[in-house]
Amino acid sequence: MADFETPALTEFQLVPHIKKGAMAHSQPYMAKPEFQGDLGFPGELEDGWEDVAVKKLGELTSKYRGLKVFLDCCVKCGACTDKCHYYLGTADPLNMPVARQDLLRSVYRRYYTFAGKYFPWLVGAKKMTKDMLDKWYSYFHQCSQCRRCSVFCPYGIDTAEISMAAREVMDAVGVGQKYCNEIIGKVYKIGNNLGLPEKALVNTLEGLEEDVKDDTGIDVKFPVDQEGAEVLLITPSADFFAEPHIDGLIGYGKVFHQAGINWTLSSHASEAGNFGMFIGSYENMRRVALRIREAALDLKVKRIVVGECGHAWRVAYSFWNTLIGVGHGGDDPYAKALQQQLDPNYPAPQHIIELTYDLIQKGALTLDKSANDDQRVTFHDSCNVARASRMGNMPGGQFVLPREVIKSSVNHFFDMAPETIHENTFCCGGGGGLLTDDLMEIRVKGAQPRMQALMDVVQEHDVNYLAAICAICKSQFSKVLPYYNHPMNMIGSVHGLVSNAIQLGTKQ
Amino acid sequence: MSISVIFAVLFYTATFILVAGLIYRIRDYARTPVPLKIPTTPAPITRTGVAFRMLREITVFESLFKSNKWIWILGWLFHFGMVLVLLRHLRYFTQPVWAWVDLIQPFGIYAGFAMAAGLLGLWARRFLVDRVRYISSLSDHLMLLLLISIATTGLLMSYIPEWHTDIVALKAFMLGLLYFDLQPLPEEPMLLIHLGLVVTLMMVFPISKLLHAPGVFFSPTRNQVDNAREKRHLSAWAAKLESSE
């Protein structure tokens, strides 16, 4: 299948001894100059880039307190060294969170700290060189920004913040990653990550309506650009046609239908994903998100609901209020322009899981669990949902609500081992802008800890359905499951289960 | 007298570097913007909740406890021991000695051993665990050596009769520093080494990883309230992007 070995699954999760340079060869394709320009970055490496990089790093530490504190604070205690799925799967010491951070920290120390300037040999300070840049390009693209290390760090140092900063510095000297940067370019030109134009979107959704009609005999609508709709649904574009994502979209549609909620998609903002976060660029993240603000204002919606997508939910939940004023509690004219339009009785934005959960609590949905009796289900907590956002009104609601929605739709649910779920969850291996074929080796190896935990519930409980609420997780698992001898269709949407269980025509 | 003068100058210099350095650092952290909400969730949804989260982090090392029981127990022995030892040392700077400082004297002595044991354990990890060996730089080893030497010289002075120092004279010297009335410092080598190392520690504090002590309070993943949807969080430089439209 490939020119690397899939990690072996053992009786329990092992922490490997370090193997220096084991993944030094892993690098994603670079963005072509013309795509860099779309995002406001130089096309390629130019003379004097070292100064530009060092200056950019200094600028970032003066704009982001977190970055500065994280670079200063680390005591090298080693608590994080066995926490990264990429380290566990590859044994490359530079995939230990602290060592990954040190790639950037050593440069920061050399140029911005007293000890590093005058005693570089003492504190491991290093100059910004081409060799260093190559290491950055390699290892900052072996971080899925999943924040697992930040849970375990006594100071909360978040490697995601460091790898975002490193990618921003690299973009500033013209060294961008093809996958992320070309996708962001597509959003600017067309409106979504897949480059699906309006007409194709409308056709796809019409086809979907026909499919659901054939299947259920009911006219479930998938509306686009309906001005005055109550709810604007922002969902990852993979939901429009990828398997198993589309079953989730059908599920959302059925939920809206049964609850009688008037909803719409937007062709202008047909993407929940926001790869601006992956490359650490506030400006690009904001520019991508602005389309959603524009769509919400144009369509005069009262609520904004986000479909199943991990990093998108982080951006929506944690950043939208800041970036584009989607939320509540703003007292400036910019935020008010939208917030006065949004219904204060609902959280803004709201996750589709929150919406479905509330409807289940109110008894507004008829769910027949036995429709899923051939499914034995476990749930994969997506990292950005688990460690960078919330659902519901209590801390940890992001763990409870999806499980409650699943349990309302199926009879057989089994959690994976406690050290691999909730805030301890392991990344699928494909997050943070790594979901590209040129990084297949690190994706497969990084999935090892999750596959280990999955194997345990498969053996113990005959689990045959891995439910997720993230487009990246779904795509990643479809690709990676076969490497670990599971069928690729074992991965599915949570709303795919809801879709099977919901009894349309029983409520008006 | 000359040794007393040298140490007086060293103490004043070190205190200045420590205090000025920390003020500079803390102001710098406080003034650097936090443009985004990035608490590691689940996070408290109120300020009080955040205060408790921070309290747990700095008293019982909650995150470290989740992470690794060895580092947790060794680190906690060291830090908690050090706190008691430092408090015990207040008797050299106060006259009359505060009652509660008297009360903790007996524990302060054991705390010295706890501190040294914790430090030795942490240092052993830097050699024995291949992952920790890989991430340790020379400064990481020297920092432990410095702290262990301070603890050891202190314990030797307490427990080896030949190395006992004239505590009364030492206290007179320290009080003299506080009231700008220089008194002679006892010239036993073990005391001078102990004090020299302490002065070194004070001076490297604001330029080293010891900054984790003030830094942890500024860590946005730990000190932010999880209320992104309820309250708009906007930094000054980010707000400018809006007004330029």
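Labels below follow one simple rule: chain letters A, B, ... track the order of the sequence lines, proteins then strands, and each chain is numbered from 1.
Among residues 17-29 of chain B, the residues having any heavy atom closer than 4.5 Å to a heavy atom of chain A are, in sequence order, R25(B), D28(B), Y29(B).
R286(A) places a side-chain heavy atom less than 4.5 Å from the side chain of E242(B). Annotation: side chain of P42(B) is in contact with side chain of E423(A) (closest heavy-atom distance under 4.5 Å).
Classified by interplanar angle (parallel below 30°, tilted 30° to 60°, perpendicular above 60°), the ring pair W237(B)/Y64(A) is perpendicular.
Residue contact with chain A, scored on non-hydrogen atoms closer than 4.5 Å, involves the backbone and the side chain of I38(B) alike. For Y282(A), the part lying under 4.5 angstrom from a heavy atom of chain B is the side chain only. For a residue to count as touching a neighbouring chain, one of its non-hydrogen atoms must lie under 4.5 Å from one of that chain's; by this rule C77(A) touches chain B with backbone and side chain alike. When heavy atoms are compared at a cutoff of 4.5 Å, A348(A) approaches chain B solely by way of its backbone atoms N, CA, C and O. At a 4.5 Å heavy-atom cutoff, the contact between E230(B) and chain A is made by backbone and side-chain atoms alike.
Distance check, rounded to the nearest 0.5 Å: CG of L234(B) to OH of Y334(A) gives 9.5 Å. In this structure, NZ on K76(A) lies 8.0 Å from CZ on R126(B), to the nearest 0.5 angstrom.
Between the side chains of T221(B) and S150(A), no donor-acceptor pair of N or O atoms lies under 3.5 Å. Counted by atom type alone, Y317(A) and D226(B) present one or more donor-acceptor pairs between their side chains at under 3.5 Å.
Among residues two or more places apart in sequence or in another chain, the salt bridge (Lys or Arg N to Asp or Glu O under 4.0 Å) test is passed with R303(A) by E230(A).
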